[in-house]
Amino acid sequence: MFESLGGRLEDALSKIRGKARLSEADVEIALKEIRTALLEADVNLLVVRSITDRIREAAVGAMASRSLTPGQQVVKAVNDELTDVLGGATFRLGYASRPPTIVLMAGLQGSGKTTASAKLARYFKSQGRSPLLVGADLQRPAAVEQLRTLASQIQVPMFSEWSTPIEVAKGGVTEARRIGRDVVIIDTAGRLTVDADLMEEITALSKVVSPDYTFLVIDAMMGQDSVNTARAFNEALEVDAIILSKLDGDARGGAALSVKEVVGKPIAFASDGEKLDNFGLFHPDRMASRILGMGDVLTLIEQAERTIDEDVAERGAKKLMEGKFDLDDFLEQLRQVKKMGSLKGMLSMLPGVPKELRNVEVDEGELAKIEAMISSMTKNERSDPSIIDASRRARIARGSGTAAANVSALLKQFKDMQKMMRTMGIGPGSATKRRAKAKPPKKGRKNRR
Amino acid sequence: MSIAVVVVVVILIFGAVGVYFLWPRRRDGLQLGVTKEPEVGMHASGTVVSSQTEDDKKVVEHRRGIDGSLPKSRSLLGAALARMRSRRALGEELWIELEEALILSDVGVEVSVELVEAVKDKVFREGITSTDAALGLLRAEMIKKLERQDRHLNIDVAPPAVILFVGVNGVGKTTSIGKLAALLSSQGKKVVVAAGDTFRAAAAEQLEMWAKRSGVEVVKGSSGADPASVVFDAISHATAVGADCVLADTAGRLQNRQNLMDELRKIRRVAEKASGTVSEVLLVLDATTGQNGLVQAQGFGEAAQVTGIVLTKLDGTAKGGVAFVVEEKLKIPIKFVGIGEGVEDMTFFDPVAFVNEITGDVS
């Protein structure tokens, strides 16, 4: 979601990148564009101001230093600044020495607290913990029902009763002790920061249960108000960390950046999909490198490990390298990749993808079309597409409900890919050649050591 | 073209992943959570690298700066404007301050600059010298831009009039339906609501409770049922009982999810085939949403031909300025605003009140 911000920044910087001499005017123009890019990404105005001020300082330093590449230094200053603002270590969650560990969820209406509560419970479960979900949102109609349904989907017990939110929260903690659950997640009603009564209520609730962690759920699509919201909740509750929801949208996520900068609290978790397993620890460094166009291979690989059949992947990759890769293998791959999530999302995590391809609109519906076309081919056709003539093509198109032109396009592209892979040194070649091509693992290898 | 792209993308992704799986010692010490060491080489040329302690101090300082300078007032622009009014001369500072105040209300850079330029022009042309008059001009300019739209709810069609509610997750679709149902039935209309959100857990129950509050009938399918068929059934039922309106809920969806947008297209198509008339498709927009609101309106507009906006959660500190951008750029009128959790907390959109909220009642 952050890539478009990265692209905009790149455009702003491209004009000064190669300059041997940098005038004040050059810097001001670039800064103005950086400001616009950040604002359009919903970074809070005051945060933008302090970011650009610090970049300006660095730029002035670069101009004074008589460096041969002042433009490069400004680019570096921008990168450092963003990594700094967004960066930091991944949140580390500890557990209370005397269980249960109590987690309180808070946020505005519709920020995604109930869903995040269930996803968090699922996360704890996957860490070998035994969570209890507590439904203390007695405000929104059927919020408790929603939590109950989600709880049963992930097979986690759920507690609620028809009293007051504080009583429910207290009762939840007692219940957890009674049935031996070691993490309690308390879902609360969404509230506006200007609603004094409700803000007091959650302060009181927090005092009564004294949570080990208080998470503020923030919608990744939020605008300038993110800062006010985060600050008001932080004043009422002493927030420990942020959970960023709806990160799978196409918002540029300035809210994430702003909140972290202003209240100084880390983003602990991020939610990036509607399924209950689309949730995990937030890795600021990875996100920073994604903004700056360096890809995010680690997240991609995690996703792959979660969803992909390893044997199929290995077989496919081997064939890809040996140049024996046919349409059957491609179909298998396509089905695996489909399981991993949206193509565009994954594409944004690959490093070194040219901007043209990165920004291209990928129609996920085409996947189904391609699947249908290959499924309509005979075994011989799949292993040797060159035998497909006009009449076979018409049959395949009919069988898959597509047009003959689509079939041709697929075959042509597949042939081109095969040719390309051969020239790039995949295919029967030396081991070193092979390794040189394997760009993503190169990065992975570095981290592995 | 598109097929070609997909082929390339699939192979790229799979290539990367597959090669990873093939890598021989891949499990030796691979720790995905580990934070990368900063690259030492980058600092080698280091003229701009300042020491750690200095950096820390700077961060603390500017944090305090932000804390101190962010007005707590409900209207950011209002606070800025109050400051401006104490000044006598109209200068560059005023324009910057106006622009930034608009941006803080989520009006976005482009539209904010346009608005301020327009005011600036007029001020020079008409030789205006007072800050108050300049602010009045800004307000008039904004109201003027909102005046051209037809905001009435179109339900004067062959009954039942079908109103579809669409939007991303958590904006308040179900709540808005509950409130609009109450509003319409208080006007003597017979309303049926359709629980077309079959995805989110307990969404139908939530709508049912709202229906009870506003005394209208609800038609629902089983959880996970085809939403289009639920909407179709509701329309058929409404026809049978002689209802005037059907308010149809849909599951929240992000506009970049192609398959879900296709589902929405289908819901609309199927609703049109039923016995009523799809007279409105209302996009529910959360006032806290930033510039993505415009992208949402484009996405949903394209998939479901949105006819109006319901701007929710306007009772908070967010001003919903992006709705202004949506109306200005896409000519989709804002029709209703949501201002609370009660059943009556929905009103018709009033441009003057909206602009006053953003500009902090200049008059």
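Here is how names work: the chains are called A, B, and so on, in the same order as the sequence lines, proteins then strands, and each is numbered from 1. Computed from a predicted structure; not experimentally measured.
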Legend entry - For chain B, the option from A:L45, A:T149, A:L39 that forms the most heavy-atom pairs under 4.5 Å: A:L45
Inset, instruction - Sort out for me which of A:K412, A:Q153, A:Q139 touches chain B most, counting heavy-atom pairs under 4.5 Å. - result: A:Q139
Legend entry - Basic-acidic side-chain contact under 4.0 Å: A:R231, A:E261: no
Inset, instruction - Go through the atoms of B:V168 and report whether side chain, backbone, both or neither lie under 4.5 Å from a heavy atom of chain A. - result: side chain
Inset, instruction - Side-chain contact test, heavy atoms from C-beta onward, threshold under 4.5 Å: evaluate it for A:R35 versus A:R49 and give yes or no. - result: no
Inset, instruction - Please round to the nearest 0.5 Å and tell me the distance separating atom OG1 of A:T115 and atom NZ of A:K246. - result: 8.5 Å
Inset, instruction - Give, as side chain, backbone, both or neither, the part of A:Q109 having an atom under 4.5 angstrom from any heavy atom of chain B. - result: both
Legend entry - All ring pair (Phe, Tyr, Trp, His ring centres under 6.0 Å) counterparts of B:F324, not counting sequence neighbours: none
Legend entry - Partner chain A: residue of B:V113, B:D262, B:N256 with the largest heavy-atom pair count (under 4.5 Å): B:N256
Inset, instruction - May I ask you to name which of A:Q333, A:E40, A:E145, A:R140 has the most heavy-atom pairs under 4.5 Å with chain B? - result: A:Q333
Inset, instruction - Mark yes or no for whether A:Q224, through its side chain, and A:V43, through its backbone, hold a donor-acceptor pair below 3.5 Å. - result: yes
Legend entry - From CH2 (B:W210) to OG1 (B:T175), nearest 0.5 Å: 5.5 Å
Legend entry - Part of A:L147 lying under 4.5 Å from any heavy atom of chain B: neither
Inset, instruction - Tell me, please, which residues at least two apart from A:E274 pass salt bridge (Lys or Arg N to Asp or Glu O under 4.0 Å). - result: none
Inset, instruction - Check whether B:L260 gets within reach of chain A through its side chain, its backbone, both or neither, counting any heavy atom under 4.5 Å. - result: side chain
Inset, instruction - Could you look at B:E208 and say if it's the side chain, the backbone, both or neither that has a heavy atom under 4.5 Å from chain A? - result: neither
Inset, instruction - Quick one: list whatever passes side-chain contact (heavy atoms from CB on, under 4.5 Å) with B:S176, sequence neighbours left out. - result: B:F165, B:V284, B:V310, B:T312, B:M346
Inset, instruction - Report, by ascending residue number, the residues of residues 198-207 of chain B in heavy-atom contact with chain A at a distance under 4.5 Å; give 'none' if the set is empty. - result: B:F199, B:R200, B:A201, B:A202, B:E205, B:Q206
Legend entry - Any donor-acceptor pair under 3.5 Å from A:R92 side chain to A:T90 backbone: no
Inset, instruction - Using non-hydrogen atoms and a 4.5 Å limit, figure out which bit of B:N169 sits close to chain A: side chain, backbone, both or neither. - result: both
Legend entry - Considering all heavy atoms, the nearest B:K319-B:E357 contact: NZ-OE1, 3.3 Å
Inset, instruction - Could you have a look at A:G112, A:A142, A:P141 and say which one has the most heavy-atom pairs with chain B under 4.5 angstrom? - result: A:P141
Legend entry - Exercise: identify the closest heavy-atom pair between B:K313 and B:D286: NZ-OD2, 2.8 Å
Inset, instruction - Report the distance from atom CG of B:N292 to atom CG of A:D250, rounding to the nearest 0.5 Å. - result: 5.0 Å
Inset, instruction - Specify which of B:V322, B:T289, B:V171, B:N259 makes the most heavy-atom pairs with chain A at under 4.5 Å. - result: B:T289
